[in-house]
Amino acid sequence: MTDSLDRPFAPAEIESACYQLWEDQRVFHPQGGNSTYCIMLPPPNVTGTLHMGHAFQDTLMDILTRRARMQGKQTLWQPGTDHAGIATQMLVERRLEAQGEKRHQLGRSAFLEKVWQWKEESGGHISRQMRRLGASCDWSRERFTLDEGLSHAVTEVFVRLHEEGLIYRGKRLVNWDPVLQTAVSDLEVVSSEEGGKLWHIRYTLTDGSGSLVVATTRPETLLGDVAVAVHPEDERYQALIGKTLRLPITGREIPIIADDYVEVEFGSGCVKITPAHDFNDYQVGQRHHLPLLNIFTSDARIRDEIEVVSGSIGDTQIPEELRGLDRYASRKRLLALLEVEGSLVQTDEHRLMIPRGDRSQAVIEPYLTDQWYVRVGPLAEAATEVVRAGKIRFVPENWTRTYYDWMERIEDWCISRQLWWGHQIPAWYGPDGNIFVTRTEEEAQHAAAAHYGMPVVLERDADVLDTWFSSALWPFTTLGWPEQTPDLREFYPTSVLVTGFDIIFFWVARMIMMGQHFTGQVPFREVYVHGLILDGEGQKMSKSKGNVLDPIDLIDGIDGEALVAKRTQGLMQPQMAEKITKATRKDFPNGIPAFGTDALRFSFASIATQGRDLRFDLKRVEGNRNFCNKIWNAARFALMQIPEDADLHGARELLPPERWIIGRLQEAEASVNDAIEQYRFADAAHALYQFFWNDYCDWYIELSKTVLRPESSFSAAEIRGSRYTLLAVLEAALRLAHPFMPFLTETLWQRVAERLGKEGKTIALTAYPVADLQRVDQEADADLAWLMAFVGALRSVRGEMDIAPSRELPVLLQGGKDSDRERLERLSVWLRSLARMGEVEWLAAKAEGPPAALQLLGELRILVPLAGLIDVDAEYQRLSKEEARLQGEQDKVQKRLAQPSFRERAPAEVVAKEEARVQELTNALQELAEQRRRLDALR
RNA sequence: GGGCGGUUAGCUCAGUUGGUAGAGCGUCGGCUUUACACGCCGAAUGUCGGGGGUUCGAGCCCCUCACCGCCCACCA
């Protein structure tokens, strides 16, 4: 540990030493306790780097984890990383391409070797960054979705689901990414409105009696048309249903069918039906037993010949000039042909939803392929039920509805991907295509031998599983499943899942389905759904916008040009670089100062409200860095006040300030605990901030100076009480703050605890404070409220009248109760030091005092004589303003009281309160008016 | 088309059973007061998006409108 506190707060100096201490002491290993607490880290991409969203989420998890650990629970925060199939494979492919190599030239095993190599190189990065954040994961248990144990579990799950008929293989339309050349799930497709056209194309009736016009946004699929559909009740086309049309270009004959999928109002009310290239048309095709004609290759080019997947047609020829053309080139060409033919009757601008792959951004093509699916119906039902039954609670609760809605409409999950990086599907094919799904190749061989009556050569399915398949198992596979390990027994179901709403469907729902199915228990009891971190302008942070902040830069600081370089390097659109450079130089002319981890963490906690979007403002971090500094200096002060040889454990007597601050501490403890329990991190942070800065520093430290100063007239027991309280309250506050600011609190605690003679190697394993509200002392609270109001009154006079702080204020008192006199006796020593109150004199009740500034403290009149001190005009104005304010309030209250219905219906205590208030206001107004008259005479 | 959020001080946002509107930042004035100028003291600032309703009483409950944002959805 760094030793000297004789310097300003310097986070960089303390952070690494603290983390070292925690790891050396094995602080993060589960230990002790009769109850358990467990959080699963949502596994980040193994080759990724920490972004603001991670840092935010990790901070919240760490707060929960550290508090639970300090509460003495056996606590595990399980870390690990995800192989992130598509993302990682794309990245490695891009790197290879930069070196002039291609995935397919390398071949599967050589390519995979390259990916593993990349994983080894960049794999530890994100966990090192998490350590910088202070994350208290048990790193000795770190897992990776592709490591041996987890892969084994994935196979086990696949095989079991297959045996139960919940996994099947089928040929149907999938979302096909023609760039990545793989199927993706519904969730990986993001549709957004884009500009396009609506083409109107004429199809002529084969009997020569006329024609129809169909409207389409995808003319290039025309070659795959198998029918034209109209609405069954559409009067315009009644007579045509059942007739046939001639497809433009090729002249193939197709029927006119009736299906109520067609919207009468849209376009011409006629829809071309292309079952192999459109999800709706597929349904229509199924209903009407139409052929399935595939016209595209896997990279979305026109085939050389139509592939008849089912049904039959006469001619499968494709015009030579279209063959091999990309879908957009073929669209252009085909439109030209239609134009020539005279079939293109109209072209309209049209906005439509374009589906794109969330990784590649390629336009997704509905494409007929063989894929593996999870039959989610039964799983979803069970997963809905556990939420309904309250076994899983969403926080905030309104996400429950989103969850239900999705679960009700969920479709089977396409889990196979035509990638190489991932868990290869444990399925083997016999020579005749028979499928053997087994745990190992040997088992498949046995099964095949039994099936065919002789050994055969099997071919393994080349596909891998969707990354989210293994992620769905994360809560139990990381704990050793399928083995019934002690960890699994101890920590499963886990306590809470902390996650963003963007992956409720991808991940949360699937974990619930799989967890419930395979363990018979929910994977977690609560789901805390947090908001999304946006930049200061409310924009989503993204590399392409150039507004990304790196959490590590906020901790260590970064100079302006380095930040510019970082933001403009490796852009997908290099032309943005100039704009980003300009904006960055404007927003961060001096770069970013080093705020330290604790300030960053505290900032994350303080913006963690229940909203959906959370703007991240650097000013806030700066403010919290100042808070860290405040704590640092307060601790320095406390330690400085207490001589090395001071005996803190002799007889102690507690003065009102001590009794008061102890009470405030209890209330702060209650607020913080209560807030964390409800996942109200911002409230918890606020309570801490408020207590430490406003109560402890602004008032208590200042009050203690009076007792602890060298010429103090307080007794030894009182001084000891004050010294002890100063340190003990600080020590408790450090423990209370530790989950939020682990580094700062650890460093200071080492020194404070030593001085207090407290045992323990680290604050991380001390007891988390629990409020004892019995210790809130009503009398002390009343004393301090009086004292603070008195000090406030004098400071207000001083501030508004511009009286130098060095100048003592003489005070005249008048009126008031016995308690005011009694308190003045006991508390004036603090009034003198905090407000620099000078001579005090009591005036007789009716006596006419000298011209003075007036402040009211209940029935007590506090007068600061004007002679030589006060500007009469200024005080006159101040009084007038104050009068106006009170008058306004009095009017409001009186109006309320004047209503008979208020007296009749409002609770008696509310009425009494209002009456007391109006009385008080009336008195005050009288006093002020009188005082103003007196001053008026002097002007 | 359906659903969910949001609209409160110059800015960013709190406001949990309906009972006298708050914080941080910023602004203005003063201050080398024996931890901290990353500080201290004082001050200013809101028709709580519009309209209607319930209620003795509404920022909070109900209805409605407007604007902003997000998610879901098969009008080719």
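Here is how names work: the chains are called A, B, and so on, in the same order as the sequence lines, proteins then strands, and each is numbered from 1.
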Are OP1 or OP2 of [N] and a side-chain N or O of [X] less than 4.0 angstrom apart?
| X | N | answer |
| --- | --- | --- |
| A:R615 | B:C13 | yes |
| A:T609 | B:A14 | yes |
| A:K630 | B:C40 | yes |
| A:S796 | B:A43 | yes |
| A:R680 | B:G15 | yes |
| A:N629 | B:G39 | no |

Starting at [atom1] of [X] and ending at [atom2] of [N], how long is that distance when rounded to a whole Å?
| X | N | atom1 | atom2 | value |
| --- | --- | --- | --- | --- |
| A:Y403 | B:C4 | OH | P | 19 Å |
| A:H686 | B:U12 | NE2 | C1' | 14 Å |
| A:L688 | B:A14 | CG | P | 19 Å |
| A:E263 | B:A76 | CD | P | 10 Å |
| A:M801 | B:G42 | CE | P | 14 Å |
| A:I503 | B:C72 | CD1 | P | 14 Å |
| A:H231 | B:A76 | NE2 | C1' | 14 Å |
| A:R807 | B:G42 | CZ | P | 20 Å |

Would you mind telling me which residue lines up with the more 5' stretch of RNA chain B, A:F637 or A:S268, judged by nearest nucleotide? A:F637

Of A:A804 and A:A634, whose nearest nucleotide on RNA chain B comes first from the 5' end?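 This one resolves to A:A804.
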
Taking atom [atom1] in both [N] and [M], compute the distance separating them and give it to the nearest angstrom.
| N | M | atom1 | value |
| --- | --- | --- | --- |
| B:C65 | B:C71 | P | 24 Å |
| B:U8 | B:G1 | C1' | 32 Å |
| B:U27 | B:U34 | C1' | 32 Å |
| B:U55 | B:C74 | P | 46 Å |
| B:A44 | B:G50 | C1' | 29 Å |

Looking across every strand, which nucleic acid part, if any, lies under 4.0 Å from [X] by heavy atom: base, sugar-phosphate, or nothing?
| X | answer |
| --- | --- |
| A:F627 | nothing |
| A:E904 | nothing |
| A:L198 | nothing |
| A:R917 | base |
| A:V893 | nothing |
| A:D683 | base |
| A:R409 | sugar-phosphate |
| A:W693 | sugar-phosphate |
| A:C628 | nothing |
| A:G269 | base |
| A:A682 | nothing |
| A:E622 | nothing |
| A:K705 | base |
| A:P907 | base |

Report yes or no: do [X] and [Y] form a side-chain donor-acceptor pair below 3.5 Å?
| X | Y | value |
| --- | --- | --- |
| A:Q890 | A:Q887 | yes |
| A:E904 | A:S901 | no |
| A:Q678 | A:D674 | yes |

So that I can tick it off, tell me whether A:K545 and A:E537 are bridged by a salt bridge, with the cut-off set at under 4.0 angstrom between side-chain N and carboxylate O.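 Salt bridge between A:E537 and A:K545, a charged N being under 4.0 Å from a carboxylate O: no.
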
Run the salt-bridge test on A:K197 and A:E349 with the 4.0 Å N-O cut-off and return the result as yes or no.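 A salt bridge is present here (some side-chain N lies under 4.0 Å from a carboxylate O).
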
Between the side-chain atoms of A:R795 and the base atoms of B:C41, is any donor-acceptor pair under 3.5 Å?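 Result: no qualifying N/O pair found.
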
Please confirm whether any donor atom in the side chain of A:E702 sits under 3.5 Å from an acceptor in the base of B:A35, or the reverse.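 By the distance-only test, yes, there is a pair.
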
Need the pair for [N]. Rule: Watson-Crick or G-U wobble, both distances under 3.5 Å, any strand; none if unpaired.
| N | answer |
| --- | --- |
| B:G5 | B:C68 |
| B:A58 | none |
| B:U45 | none |
| B:C11 | B:G24 |
| B:C40 | B:G30 |

Using only atom types and a distance under 3.5 Å, with no angle test, would you say the side chain of A:R836 pairs donor to acceptor with the backbone of A:E808?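 Here the side-chain-to-backbone pair does not exist.
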
Taking the six-membered ring where the residue is Trp, are the ring centres of A:F681 and A:Y528 under 6.0 Å apart? yes

How about A:F9 and A:W632: are their ring centres within less than 6.0 Å of each other? yes

A:I257 vs A:V284, test: side chain to side chain contact (heavy atoms under 4.5 Å, CB included). Steps then yes/no. CA-CA 10 Å; A:I257 59 168; A:V284 175; 3.7 Å; yes

